[in-house]
**Student:** 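I have a structure here, written as structure tokens, and I will follow up with some questions on it.
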Amino acid sequence: MSAAPVIGVLALQGDVREHLVALAELDVLARPVRRASELAEVDGLVLPGGESTTMSRLLTVFDLFEPLRERIADGLPVLGSCAGMILLAREVLDGREDQRSLDALDIVVRRNAFGRQVDSFEATLDVAGLSDGPMRAVFIRAPWVESVGADVEVLATVPEVPEAGSAAGRIVAVRQGAVIATAFHPELVEGDRRVHEEFVRVVRER
Ligand SMILES: NC(=O)CC[C@H](N)C(=O)O
């Protein structure tokens with residue numbers, strides 16, 4: 001792919017704008033995606049942070065759930081952050097009754113896993129494959145990954161810091177093929193676009 005790739009951001013709910021801003025700093029064409037015809041035109045897709053139950057309902061209402069699942073099964077690169085990670089999982093623990101997920105990552109996630117005491121916190125963590133040292137990670141009512149299948153690469157875990165409490169060691173970033181997901185919000189950390197850059201590299205490889 002020599003021309004700038006087209007990267008969509010699923011724009012039904014959540015922090016769509018922040019991802020579009022992050023992508024605008026890179027050499028790509030970034031667009032919101034709300035309908036199947038827009039989905040058909042992207043080379044890669046971001047599933048933003050927000051509320052995964054609401055997003056899963058809206059995917060159904062907008063007739064996007066099946067088209068999206070099919071495109072991912074066909075190899076569409078996807079980056080999910082927080083609620084996006086939940087949407088990509090094979091199985092969701094503590095989900096709402098009608099919560100659907102795309103089964104694009106062989107992971108089991110737990111929604112709102114960090115509990116009330118650590119509703120939101122920040123940590124500095126190492127992410128496998130990113131050069132130039134650890135990154136600041138913002139967690140907001142975040143999930144964590146309870147378990148991963150054999151084909152899933154663990155990219156990051158919660159460091160042993162007091163704010164993390166018993167969450168230390170939990171898996172918070174993974175990759176399986178062209179699908180990358182983080183429990184934290186790389187789109188919220190201005191000045192560090194390494195996760196989005198890595199995603200663009202994956203899109204360009206396809
Ligand atoms: N910041 C986020 O995306 C939070 C995710 C949200 N708690 C959910 O269950 O979907």
Side-chain angles (χ1 to χ4, degrees), residues 7-23 30 32-34 44-62 64-65 68-69 72 78-105 107-125 127 135-148 155-159 163-167 170-175 179-190 192-193 195-196 199:
I7 309 239
V9 179
L10 183 70
L12 303 178
Q13 192 267 334
D15 68 343
V16 176
R17 202 187 65 88
E18 287 77 359
H19 276 288
L20 289 171
V21 166
L23 291 166
V33 166
R34 287 188 195 87
L45 184 70
V46 173
L47 305 183
E51 215 292 309
S52 57
T53 315
T54 308
M55 255 187 264
S56 91
R57 282 184 197 141
L58 291 172
L59 278 171
T60 305
V61 168
F62 281 67
L64 272 173
F65 194 92
L68 178 54
R69 189 155 66 181
I72 298 173
V78 181
L79 169 65
S81 65
C82 201
M85 171 187 257
I86 299 171
L87 281 174
L88 289 166
R90 173 172 61 76
E91 188 182 340
V92 181
L93 304 178
D94 294 337
R96 304 257 182 86
E97 225 164 76
D98 60 346
Q99 180 138 16
R100 300 172 77 193
S101 61
L102 293 156
D103 193 10
L105 281 172
I107 61 173
V108 179
V109 295
R110 186 176 293 283
R111 267 181 82 231
N112 303 331
F114 290 83
R116 297 219 173 273
Q117 266 126 38
V118 279
D119 234 17
S120 301
F121 78 104
E122 291 192 20
T124 302
L125 44 82
V127 180
M135 75 177 293
R136 215 179 110 212
V138 180
F139 294 85
I140 305 167
R141 295 185 65 74
W144 68 42
V145 179
E146 292 259 337
S147 62
V148 300
L155 301 180
T157 56
V158 176
E163 312 86 271
S166 58
R170 292 290 183 175
I171 298 167
V172 287
V174 294
R175 174 171 177 185
V179 181
I180 299 172
T182 63
F184 50 91
H185 292 271
E187 71 278 15
L188 297 184
V189 181
E190 279 172 43
D192 186 350
R193 297 306 182 204
V195 170
H196 290 81
F199 178 58

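From a predicted model like this one, the values you see are computed outputs, not experimental measurements. All ligand and atom numbering here is 1-based and tracks the order in the structure.
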**Student:** Quick check on ligand 1: any N or O pairs to the protein under 3.5 Å? One line per pair.
**Tutor:**
{"unit_1": "ligand 1", "atom_1": "1 (N)", "unit_2": "I140", "atom_2": "O", "d": "3.0"}
{"unit_1": "ligand 1", "atom_1": "1 (N)", "unit_2": "H185", "atom_2": "NE2", "d": "3.0"}
{"unit_1": "ligand 1", "atom_1": "3 (O)", "unit_2": "G50", "atom_2": "N", "d": "2.9"}
{"unit_1": "ligand 1", "atom_1": "3 (O)", "unit_2": "G50", "atom_2": "O", "d": "3.1"}
{"unit_1": "ligand 1", "atom_1": "3 (O)", "unit_2": "A83", "atom_2": "N", "d": "3.1"}
{"unit_1": "ligand 1", "atom_1": "7 (N)", "unit_2": "N112", "atom_2": "OD1", "d": "2.6"}
{"unit_1": "ligand 1", "atom_1": "7 (N)", "unit_2": "R141", "atom_2": "O", "d": "2.9"}
{"unit_1": "ligand 1", "atom_1": "9 (O)", "unit_2": "S52", "atom_2": "OG", "d": "3.3"}
{"unit_1": "ligand 1", "atom_1": "9 (O)", "unit_2": "R111", "atom_2": "NE", "d": "2.7"}
{"unit_1": "ligand 1", "atom_1": "9 (O)", "unit_2": "R111", "atom_2": "NH2", "d": "3.3"}
{"unit_1": "ligand 1", "atom_1": "10 (O)", "unit_2": "S52", "atom_2": "N", "d": "2.5"}
{"unit_1": "ligand 1", "atom_1": "10 (O)", "unit_2": "S52", "atom_2": "OG", "d": "2.7"}

**Student:** Do the side chain of R34 and the main chain of A11 share a donor and acceptor less than 3.5 angstrom apart?
**Tutor:**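 Yes, the answer is positive, given that a donor and an acceptor are paired below the 3.5 Å cut-off.
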**Student:** Which residues pass the ring-ring contact (aromatic ring centres under 6.0 Å, His included) test with H196, not counting sequence neighbours?
**Tutor:**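 Checked H196 against ring-ring contact (aromatic ring centres under 6.0 Å, His included); matches are H19.
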**Student:** What's the shortest heavy-atom distance between P186 and R193, and which atoms?
**Tutor:**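 Nearest pair, atom of P186 first, then R193: O-NH1, 3.6 Å.
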**Student:** Kindly write out the residues that satisfy ring-ring contact (aromatic ring centres under 6.0 Å, His included) with F184, not counting sequence neighbours, or none if the list is empty.
**Tutor:**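 ring-ring contact (aromatic ring centres under 6.0 Å, His included) list for F184, sorted by chain: F139.
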**Student:** Can you name the closest pair of heavy atoms from L12 and L59 and give their distance?
**Tutor:**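 Reported closest heavy-atom pair: CD1-N, 3.7 Å.
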**Student:** What residues form a side chain to side chain donor-acceptor pair (under 3.5 Å) with R69, not counting sequence neighbours?
**Tutor:**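 Only E66 meet the side chain to side chain donor-acceptor pair (under 3.5 Å) criterion with R69.
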